[in-house]
Trainee: 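Can you read through this structure? Questions will come right after.
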Number of protein chains: 2
Amino acid sequence: MIRFVRHLPLAESEKRAILDTPREIRRFQRGDTIYRPDEPCDAARILVEGLAAQYRILPNGERQSADLVFPARFCDLGCILFGVSDHFLAALTDVEVVEISTGRVLDLFARYPQIPVLLLHQETRNRSILFERLLSVGRRPAIRRLAHLLTEFRLRRELAGVAPSRAKRVLLPQRWIGDFLGLTTEHVSRTIAKLKAMGLIEQHRNAIVIRDPAGLARLAEFDPGYLHPGAEAPPQPPARRGREGGATVAGFGDRGSGGPKISASES
Amino acid sequence: MIRFVRHLPLAESEKRAILDTPREIRRFQRGDTIYRPDEPCDAARILVEGLAAQYRILPNGERQSADLVFPARFCDLGCILFGVSDHFLAALTDVEVVEISTGRVLDLFARYPQIPVLLLHQETRNRSILFERLLSVGRRPAIRRLAHLLTEFRLRRELAGVAPSRAKRVLLPQRWIGDFLGLTTEHVSRTIAKLKAMGLIEQHRNAIVIRDPAGLARLAEFDPGYLHPGAEAPPQPPARRGREGGATVAGFGDRGSGGPKISASES
DNA sequence: CGCGGGGTTGACTTTTGTCAAGAGTTGTGG
DNA sequence: CCACAACTCTTGACAAAAGTCAACCCCGCG
């Protein structure tokens, strides 16, 4: 149930502390709104199980989604740091969320300085992903946008440990795909049809299955660098101090630099 | 020169430490590329003077810009945290950048845990701003996009301490405006013309001057919440509890901890 | 069964992009 | 100090991408 803590790249003592922190589990079903920006908000929320999507709305009701939230991730730092969240969170599947009160989180920050650093990593990566989404929406034509989104989600699921075969299935209502890509559902539907006609994907019921990951990535001109693949999930044993003027920080030892490259085009 | 440190919401000892850290100043002129994602990168870069823009490019050369970098801000956390930066930084004016080697920055992190927390704040806000940009590009028509961008920049400059009258002048090539908004320069030009015709802005040479800030904000359906205005510049935030040097996270003292109960899942 | 929520399809509209030419500016060197 | 080159911005005619509206299909479900 709190298995998610195990996957964080933190030292044992830090995990201990998190596990010892009082928390509350809340469950939601697919389609529920987990939180909204206009509610008071005094707890950190961490997704434990399921999949959720962050989005904002316009006065006319149009929605734009920024990103998916995967398990073991903070849903909204804004809530602890600013006391408000700046978006809606929707449950894309049945979902479990852990809540830890803001006060306790800040306490953890103070006692375990590695935690803010970890979050800083995650937030920096989150911003990078968002930047890439903006690039898609701003400059790529619909078909590439879609190819890119599908490739990104597949890759992120793999990086999070999902088996490649499973990661090739994307189960996401077209309405949501449109909200990620800034497209209408009609256009999403037509675009999916094109991808299908090209033999890059197939559809089973409401799921998209990537048939040719490499081809899809090529069409998307996908460059995985922005995901900072090296910095992902693999539980990182507590680090000893690095050499060279402290080139590493405990817990994030040798992330990044020179890091492992993931080719977008594996098949 | 390092006046920028004074504006950071940190304790004196922390500012001292930053000031005592060896660093290097580099200067660039308008139009220069300050860094690119394909270069090795082993230092944190903090903008001291001037204005810069972060952008990514597509293989065909199209650009999408994410955000402006204002003075006293880190340009790219990715560089220290992951050893690569994921974007280009262009100097929009003549610019001064301070570089502090990654090793020393990580050392500062370790010795002054408030610093990562401060950066976490900034990065969370940065992501929020980026989210709003995505909302613009994905869902708002060109004229609102532009109105929104102009309003955002004006407001952010005011929040950073620029006099309102000065903040109403936006000096930004249309090429860049297009890169922020995902539009071509031709379309930007036409859109500016419309805003002008509506009496909301005027143009003097290459500068746009906001004539009717309220009207422009209204057209943009601008809601400033995403800027987290409370969390901005004011050097010493209100610490209601422990002062300076203690157990509280500078400026984030005690946000509501005694947890009100949350209602269970809604439908 | 009949209902409803996705998803699909087609005809048509609107927005934005493309291409091309021209007008202002700015800066530079002769 | 002028002339010209190099930008940047503007404008127009046209093309393409994406949106709108409306009907319809397909299933799963009560």
Trainee: Mind calculating the distance between CD (B:Glu62) and P (C:dG17) to the nearest angstrom?
Mentor: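 My rounded result for the distance is 9 Å.
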
Trainee: Measure from CG on B:Leu171 to C1' on C:dT25 and round the result to the nearest Å.
Mentor: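 After rounding, the gap between these two atoms is 14 Å.
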
Trainee: On DNA chain C, does the nearest nucleotide to A:Gly138 precede the nearest nucleotide to B:Arg30 from the 5' side, or the other way round? Give the residue.
Mentor: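 Whichever sits nearer the 5' end wins; that is A:Gly138.
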
Trainee: State whether A:Glu96 and A:Arg26 are salt-bridged, where the test is any N-O pair (Lys NZ or Arg NE/NH1/NH2 against Asp/Glu carboxylate O) under 4.0 Å.
Mentor: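 Judged by the 4.0 Å cut-off on N to carboxylate O distance, A:Glu96 and A:Arg26 do not form a salt bridge.
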
Trainee: Looking at D:dG19, D:dC9, C:dG17, which one has an atom nearest to any side-chain atom of B:Leu183?
Mentor: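 The listed nucleotide nearest to B:Leu183's side chain is C:dG17.
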
Trainee: Dump the pairs, protein N or O against N or O of nucleotides 12-17 of chain D, anything under 3.5 Å, distances to one decimal.
Mentor:
from: D:dG12; atom 1: N7; to: B:Arg190; atom 2: NH1; distance (Å): 3.2

Trainee: For A:Arg205 and for B:Asn206, locate the closest nucleotide of DNA chain C by heavy-atom distance; then report the residue assigned to the nucleotide nearer the 5' terminus.
Mentor: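 With A:Arg205 and B:Asn206 compared, the 5'-side residue is A:Arg205.
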
Trainee: Using whole Å, what does the distance between atom P of nucleotide C:dT9 and atom NZ of A:Lys194 come to?
Mentor: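 Whole-Å distance recorded here is 13 Å.
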
Trainee: To the nearest angstrom, how far is B:Leu58 atom CG from C:dG17 atom P?
Mentor: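 Distance, rounded to whole Å: 14 Å.
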
Trainee: Given a 3.5 Å cut-off on both pairing distances, which stems involving DNA chain C, each at least three consecutive Watson-Crick or G-U pairs, are present, if any?
Mentor: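 As far as DNA chain C goes, consecutive pairing (with distances under 3.5 Å) yields the stems C:1-30 with D:1-30.
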
Trainee: Would you classify A:Gln203 as touching base, sugar-phosphate or nothing, given that sugar-phosphate means primed atoms plus P, OP1 and OP2, and contacts are heavy atoms under 4.0 Å?
Mentor: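 Sugar-phosphate only.
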
Trainee: Let me see the working for B:Ile25 and B:Val48 under side-chain contact (heavy atoms from CB on, under 4.5 Å), right down to the final yes or no.
Mentor: CA-CA 9 Å; B:Ile25 297 213; B:Val48 177; 5.6 Å; no

Trainee: Is it true that the NZ or CZ of B:Arg45 lies under 6.0 Å from the centre of B:Phe74's six-membered ring and within 45 degrees of the ring axis?
Mentor: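 Pair B:Arg45/B:Phe74 does not count as cation-pi.
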
Trainee: B:Leu195 CG to D:dT10 P: how many Å, rounded?
Mentor: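 Taking atom P of D:dT10 as the reference, CG of B:Leu195 is at 13 Å.
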
Trainee: Give a yes-or-no answer on whether the side chains of A:His87 and A:Tyr35 include a donor-acceptor pair shorter than 3.5 Å.
Mentor: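 Judged by distance alone, the side chains do pair up.
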
Trainee: D:dC7, OP1 or OP2 - any side-chain N/O from B:Gln174 closer than 4.0 Å?
Mentor: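 So the side-chain polar atoms of B:Gln174 never come under 4.0 Å of the phosphate oxygens OP1 or OP2 of D:dC7.
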
Trainee: In whole Å, I'd like the distance from the CZ atom of B:Arg140 to the P atom of C:dT15.
Mentor: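 Rounded to whole Å, this separation is 17 Å.
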
Trainee: How many angstroms lie between atom CD of B:Glu132 and atom CZ of B:Phe222, to the nearest 0.5 angstrom?
Mentor: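 Nearest 0.5 Å value for the CD-CZ distance: 7.0 Å.
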
Trainee: Under 6.0 Å between ring centres, would you say that holds for B:Phe153 and B:Phe180?
Mentor: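 Under 6.0 Å, so yes.
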
Trainee: Testing B:Arg56, B:Arg63, B:Arg133 for salt bridge (Lys or Arg N to Asp or Glu O under 4.0 Å) with B:Asp179, which one passes?
Mentor: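 Among B:Arg56, B:Arg63, B:Arg133, the one meeting salt bridge (Lys or Arg N to Asp or Glu O under 4.0 Å) with B:Asp179 is B:Arg63.
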
Trainee: Students often get this wrong, so: under 4.0 angstrom with heavy atoms, is B:Gly31 touching a base, only sugar-phosphate, or nothing?
Mentor: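 Touches nothing.
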
Trainee: Contact class for B:Gly178 vs. all strands (heavy atom < 4.0 Å): base, sugar-phosphate, or nothing?
Mentor: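 Contact class for B:Gly178: none.
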
Trainee: Within the 4.5 Å heavy-atom criterion, are B:Arg127 and A:Glu123 side-chain neighbours or not?
Mentor: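 Yes, at least one pair of side-chain atoms sits under 4.5 Å.
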
Trainee: Of A:Thr191, A:Val170, A:Ile208, which meets side-chain contact (heavy atoms from CB on, under 4.5 Å) against A:Ile177?
Mentor: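 Single side-chain contact (heavy atoms from CB on, under 4.5 Å) partner of A:Ile177 among A:Thr191, A:Val170, A:Ile208: A:Ile208.
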
Trainee: Among D:dA18, C:dT8, D:dT10, which nucleotide sits nearest the side chain of B:Thr185?
Mentor: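 Given the options D:dA18, C:dT8, D:dT10, the side chain of B:Thr185 is closest to D:dT10.
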
